Amino acid sequence: PFHKVCCNSSITTKQINDYLTQNGNDIALSIDPYHGMTPMHMLTTNPNAPAETIAALLDVNVEVAFCADNEGNISLDYARDYNIGGLVGIINGLCNHRHAA
């Protein structure tokens, strides 16, 4: 279900945060059985997903940005191809995480 939420063309940060509150943050690393994709993969393939929504999911677990799917792609690959604003959001979030560590 979380993967479907991330594909919604009108996805919002509130929807992501509400889903995580109800289902726990570990759901961010759930992998679909067909393509090996995480919710972050799905969100970054969504051209309508706002950068701040992608960043909200990244804030839950930064490792999700580096999970490869069955094709060997990580969410940065999909963001580059489908959601440039999301790509900038991920890079910004990774930089912020690095400086906070």
Side-chain angles (χ1 to χ4, degrees):
F2 193 36
H3 289 77
K4 271 191 168 178
V5 170
C6 293
C7 291
N8 184 328
S9 63
S10 59
I11 187 71
T12 65
T13 304
K14 181 178 181 342
Q15 289 172 306
I16 294 292
N17 290 334
D18 288 350
Y19 197 94
L20 293 169
T21 298
Q22 293 171 2
N23 297 282
N25 288 345
D26 289 343
I27 198 85
L29 289 172
S30 63
I31 296 175
D32 89 79
Y34 304 106
H35 306 288
M37 297 175 100
T38 65
M40 180 63 88
H41 286 112
M42 303 305 286
L43 199 56
T44 56
T45 62
N46 182 346
N48 299 305
E52 61 270 8
T53 303
I54 294 171
L57 187 54
L58 181 67
D59 286 344
V60 170
N61 189 326
V62 72
E63 292 176 25
V64 76
F66 303 105
C67 293
D69 65 9
N70 292 349
E71 300 283 321
N73 293 316
I74 62 175
S75 56
L76 290 163
D77 296 317
Y78 289 113
R80 177 196 64 226
D81 294 341
Y82 299 103
N83 191 320
I84 295 298
L87 177 63
V88 173
I90 292 171
I91 292 169
N92 187 43
L94 293 172
C95 291
N96 288 339
H97 177 75
R98 182 170 182 237
H99 291 308

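What you are looking at is a predicted structure, and each value in this text was computed from that prediction instead of being measured.
The two residues P39 and S30 come nearest to each other via the heavy atoms CD-O, 3.2 Å. When all heavy atoms of A65 and L94 are compared, the closest pair comes out as CB-CD2, 4.3 Å. Across T45 and Y82, no two heavy atoms sit closer than the pair O-CB, 3.7 Å. Closest of all the heavy-atom pairs between G85 and A51 is O-CB, 3.2 Å. Nearest heavy atoms, S10 versus Q15: O-OE1, 3.3 Å.
In this structure the side chain of S75 never reaches within 4.5 angstrom of the side chain of T38, judged on heavy atoms. Counting heavy atoms from C-beta outward, L20 and F2 have side chains that approach closer than 4.5 Å. Between I11 and V5 the shortest side-chain heavy-atom distance falls below 4.5 Å.
Going from atom OG1 of T12 over to atom CD of E52 covers 9.5 Å, rounded to the nearest 0.5 Å. Note that CG of D81 and CG of L76 are 11.0 Å apart. Values are rounded to the nearest 0.5 Å. The CD atom of Q22 lies 11.5 Å from the CD1 atom of I27; values are rounded to the nearest 0.5 Å. Rounding to the nearest 0.5 angstrom, the gap separating the NE2 atom in H41 from the CG atom in D32 is 9.5 Å. Distance check, rounded to the nearest 0.5 Å: CD1 of I31 to NE2 of H3 gives 8.0 Å. K14 contributes atom NZ, which lies 9.0 Å from atom OG1 of T21 (distance to the nearest 0.5 angstrom).
Remark: of the listed residues N83, T44, D69, N46, D69 is the sole one forming a side chain to side chain donor-acceptor pair (under 3.5 Å) with Y78.
Put simply, V88 and M40 are part of two different groups of oily side chains (I, L, V, M, F, W, Y) that touch within less than 4.5 Å, one to the next. F66 and M37 fall into different hydrophobic clusters, where Ile, Leu, Val, Met, Phe, Trp and Tyr are joined by side-chain heavy atoms under 4.5 Å apart, directly or via other members.
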Scan the side chains in residues 53-62 for donor-acceptor partners under 3.5 Å anywhere in the protein, sequence neighbours excluded, and list what turns up.
{"from": "T53", "atom 1": "OG1", "to": "T13", "atom 2": "N", "distance (Å)": "3.1"}
{"from": "T53", "atom 1": "OG1", "to": "T13", "atom 2": "OG1", "distance (Å)": "2.9"}
{"from": "N61", "atom 1": "OD1", "to": "E63", "atom 2": "N", "distance (Å)": "2.9"}

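Proximity of a side-chain donor or acceptor of D77 to a complementary backbone N or O of I74 within less than 3.5 Å is detected.
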